[in-house]
Amino acid sequence: MREHFVWVTTRRIRPGTLEEFERAWRPDPYPEGLRHAYAYWSEDGQEITGVSFWDSKETCDSWRSSEAENRRREIMSPYVLDEREGFYQGRELGVPVR
């Protein structure tokens, strides 16, 4: 099975700022080695979990320490109240066809 390298970030944002936060969240330039990215938000729009899939831990670490990522975090900071993140390695679980 193919292994995945995943960076998960959960942020609590200021009430009523989901739209602005989403504009600030989009990376520019698009990171090298990023395969897929997803965003999931709570019903109240105040907690967002981002899940990104990378070629390797090294490509993710390179992005996380880049100037572009530092700028992106600065742009998001007015909306963010709290942030948690982690890096994981894993694989897809086979779900039986029903």
Side-chain angles (χ1 to χ4, degrees):
M1 295 190 115
R2 184 170 172 246
E3 285 195 330
H4 297 277
F5 302 94
V6 182
W7 178 24
V8 178
T9 306
T10 300
R11 295 178 177 95
R12 187 131 208 56
I13 62 170
R14 297 185 187 288
T17 64
L18 179 59
E19 227 175 273
E20 295 90 343
F21 172 80
E22 282 195 289
R23 278 194 296 272
W25 175 84
R26 298 201 180 278
D28 182 27
Y30 197 79
E32 191 75 31
L34 176 61
R35 292 291 176 186
H36 304 281
Y38 301 89
Y40 304 96
W41 48 94
S42 60
E43 282 186 46
D44 66 5
Q46 292 179 31
E47 187 171 275
I48 293 86
T49 297
V51 180
S52 55
F53 292 79
W54 297 81
D55 286 338
S56 66
K57 182 175 186 338
E58 292 76 25
T59 56
C60 182
D61 286 346
S62 178
W63 169 255
R64 290 169 68 184
S65 63
S66 72
E67 280 301 313
E69 172 62 357
N70 288 336
R71 278 192 311 275
R72 186 179 80 102
R73 286 178 179 265
E74 283 178 29
I75 293 167
M76 287 188 297
S77 68
Y79 311 108
V80 177
L81 300 172
D82 181 53
E83 181 176 320
R84 298 176 313 279
E85 65 179 74
F87 185 83
Y88 305 91
Q89 187 173 340
R91 59 186 60 87
E92 183 178 354
L93 299 176
V95 178
V97 177
R98 296 177 193 185

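Values in this document were obtained by computation on a predicted structure and should not be read as measured data.
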Establish whether [X] and [Y] are linked, either directly or via other cluster members, by ILVMFWY side-chain heavy-atom contacts under 4.5 Å.
| X | Y | result |
| --- | --- | --- |
| Tyr40 | Tyr88 | yes |
| Leu34 | Tyr38 | no |
| Leu18 | Val80 | yes |
| Trp25 | Trp41 | yes |

Roughly how far, to the nearest 0.5 Å, is [atom2] of [Y] from [atom1] of [X]?
| X | Y | atom1 | atom2 | result |
| --- | --- | --- | --- | --- |
| Ser77 | Phe21 | OG | CZ | 11.0 Å |
| Phe53 | His36 | CZ | NE2 | 7.5 Å |
| Ile48 | Met76 | CD1 | CE | 10.5 Å |
| Glu74 | Glu67 | CD | CD | 8.5 Å |
| Gln89 | Cys60 | CD | SG | 12.0 Å |
| Glu20 | Ile13 | CD | CD1 | 8.5 Å |

(request) Assign the ring pair Trp7 / Trp54 to parallel, tilted or perpendicular, where the plane angle (0 to 90°) is split at 30° and 60°. (result)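 Trp7 vs Trp54 ring planes: tilted.
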Shortest non-hydrogen contact from [X] to [Y]?
| X | Y | value |
| --- | --- | --- |
| Glu85 | Thr9 | CB-OG1, 3.7 Å |
| Asp28 | Ala68 | O-CB, 4.1 Å |
| His4 | Glu92 | CD2-N, 4.0 Å |
| Phe5 | Ser56 | CD1-CA, 3.7 Å |
| Arg14 | Leu81 | NH1-CD2, 3.2 Å |

(request) Evaluate the side-chain proximity of Trp63 to Ser52: yes if any heavy-atom separation is below 4.5 Å, no if none is. (result)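 Side-chain contact under 4.5 Å: no.
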(message) Run Glu47 and Thr10 through side-chain contact (heavy atoms from CB on, under 4.5 Å) and show every step you take.
(response) CA-CA 7 Å; Glu47 187 171 275; Thr10 300; 3.7 Å; yes
(message) Under 4.0 Å between a side-chain nitrogen and a carboxylate oxygen: does that hold for Arg26 and Glu22?
(response)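 Answer for the salt bridge query: no.
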(request) Decide if atom CD of Glu83 counts as having more than 12 heavy atoms of other residues, nucleotides or ligands within a radius under 6.0 Å. (result)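 Atom CD in Glu83 is crowded, with more than 12 foreign heavy atoms closer than 6.0 Å.
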(request) Answer yes or no: does atom CZ of Arg12 have more than 12 heavy-atom neighbours from other residues, nucleotides or ligands under 6.0 Å? (result)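 Atom CZ in Arg12 is packed in, count exceeds 12.
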(request) Could you walk me through whether Arg72 and Glu69 pass salt bridge (Lys or Arg N to Asp or Glu O under 4.0 Å), step by step? (result) CA-CA 5 Å; Arg72 186 179 80 102; Glu69 172 62 357; 2.6 Å; yes
